[in-house]
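Values below: every heavy atom of this structure, side chains too, minus hydrogens, waters and symmetry copies. Every chain is numbered from 1 and lettered A, B, ... according to where its sequence line falls, protein lines coming before strand lines.
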Amino acid sequence: AQSVTQLGSHVSVSEGALVLLRCNYSSSVPPYLFWYVQYPNQGLQLLLKYTSAATLVKGINGFEAEFKKSETSFHLTKPSAHMSDAAEYFCAVRAAEKLVFGKGTKLTVNP
Amino acid sequence: GAVVSQHPSRVICKSGTSVKIECRSLDFQATTMFWYRQFPKKSLMLMATSNEGSKATYEQGVEKDKFLINHASLTLSTLTVTSAHPEDSSFYICSARDRNGRAGSNEQFFGPGTRLTVL
């Protein structure tokens, strides 16, 4: 069964610093992987998705993620954190027609 | 494009009453909609998959008689929490999949969520 594991329930960075949110996946078939962002009391917004095309995927708001099959990873990065990036981030893998989510990582950006 | 709305955004009800939450795809047709529940500081748990014109498929452990799902049209699915109790208080989020696959890869578009508080 497909699953994702997000390492670190809480990540804190300084404004302008590199953001790295980790996600490892488990899948018996080539995975479709997603990163979503959730602001307080709101739904989920898609940041980016991997669908077996390019391994480096660029998303919105300056985020990108790299699919590494050898490491079964799909980590999310952003070169320079902004205060507005503070939110909850979820990694997800498609399983049949469903999405299976990780437990989420709360990103805090300190001034 | 690909906007999903939910109504209401927030509801407070008394224990024992029923609450209906609507999920609408505003600019696309959605043959499949999904209902999720999110506990505070937790991830999203899929409750059920709703297909237009057919019965919903519930995930293991979800009471189908308590969480009634109706997907009567290609743009509307409803979740009714029957005889709500305080433990049903949660954040409910729906998502919809574009029938025509404009976004490709069967992407799900999420609604803004509904905060249910049962007193």
Side-chain angles (χ1 to χ4, degrees), chain A residues 1-11 21 23 25 27 29-54 57 59-60 65 67 74 86-108, chain B residues 1-11 21 23-26 30-51 56-60 62 90-99 101 103-117:
Chain A
Q2 283 92 337
S3 67
V4 290
T5 301
Q6 291 183 242
L7 301 176
S9 59
H10 196 169
V11 170
L21 304 182
C23 174
Y25 69 90
S27 178
V29 298
Y32 282 177
L33 295 161
F34 305 81
W35 274 101
Y36 288 89
V37 61
Q38 184 181 34
Y39 297 99
N41 293 311
Q42 294 187 27
L44 273 67
Q45 181 182 9
L46 180 68
L47 281 175
L48 49 81
K49 59 185 177 184
Y50 168 75
T51 58
S52 74
V57 182
I60 63 172
F67 175 75
F74 190 57
E88 188 90 22
Y89 292 80
F90 293 95
C91 180
V93 62
R94 199 180 86 185
E97 63 174 358
K98 307 174 186 178
L99 285 176
V100 177
F101 287 88
K103 293 186 177 182
T105 298
K106 183 177 181 179
L107 175 65
T108 300
Chain B
V3 178
V4 176
S5 69
Q6 280 184 244
H7 178 80
S9 58
R10 185 181 296 268
V11 57
I21 302 170
C23 176
R24 294 181 185 272
S25 57
L26 298 185
T31 48
T32 304
M33 290 183 171
F34 304 85
W35 286 96
Y36 297 85
R37 182 173 180 177
Q38 186 178 31
F39 293 97
K41 301 182 179 181
K42 297 289 186 181
S43 187
L44 282 75
M45 300 299 296
L46 180 65
M47 299 174 65
T49 302
S50 167
N51 290 297
T57 302
Y58 291 81
E59 295 298 302
Q60 190 174 10
V62 177
S90 193
F91 194 54
Y92 292 88
I93 303 176
C94 73
S95 70
R97 197 168 66 196
D98 187 336
R99 176 189 191 189
S105 304
N106 294 317
E107 180 180 335
Q108 293 183 26
F109 300 96
F110 286 81
T114 297
R115 173 75 59 192
L116 171 64
T117 303

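Of the inter-residue distances, the one linking B/Trp35 atom CH2 with B/Tyr58 atom OH reads 11.0 Å to the nearest 0.5 angstrom. Note that OH of B/Tyr36 and CD of B/Glu59 are 9.0 Å apart. Values are rounded to the nearest 0.5 Å. Distance CZ/B/Arg37 to CD1/B/Ile93: 12.5 Å, rounded to 0.5 Å.
With a 4.5 Å cut-off on non-hydrogen atoms, A/Leu46 touches chain B through its side chain but not through its backbone. Within the 4.5 angstrom heavy-atom criterion, no atom of B/Ser95 approaches chain A. Of the atoms belonging to A/Phe101, heavy atoms from both backbone and side chain fall under 4.5 Å from chain B. Of the atoms belonging to A/Glu88, not a single heavy atom falls under 4.5 Å from chain B. Residue contact with chain A, scored on non-hydrogen atoms closer than 4.5 Å, is absent for B/Gln6. When heavy atoms are compared at a cutoff of 4.5 Å, B/Leu44 approaches chain A by way of both its backbone and its side chain.
For the salt bridge (charged side-chain N to carboxylate O under 4.0 Å, His left out) test, residues two or more places apart in sequence or in another chain that qualify with B/Arg24 are B/Glu22. With sequence neighbours left out, B/Thr117 forms a side-chain hydrogen bond (donor to acceptor under 3.5 Å, both in side chains) with no residue at all.
Of the residues considered (A/Gln45, A/Gln42, A/Lys106), A/Gln42 shows the highest number of contacts with chain B, using heavy-atom pairs under 4.5 Å.
No side-chain donor from either of B/Gln108 and A/Tyr36 sits under 3.5 Å from a side-chain acceptor of the other.
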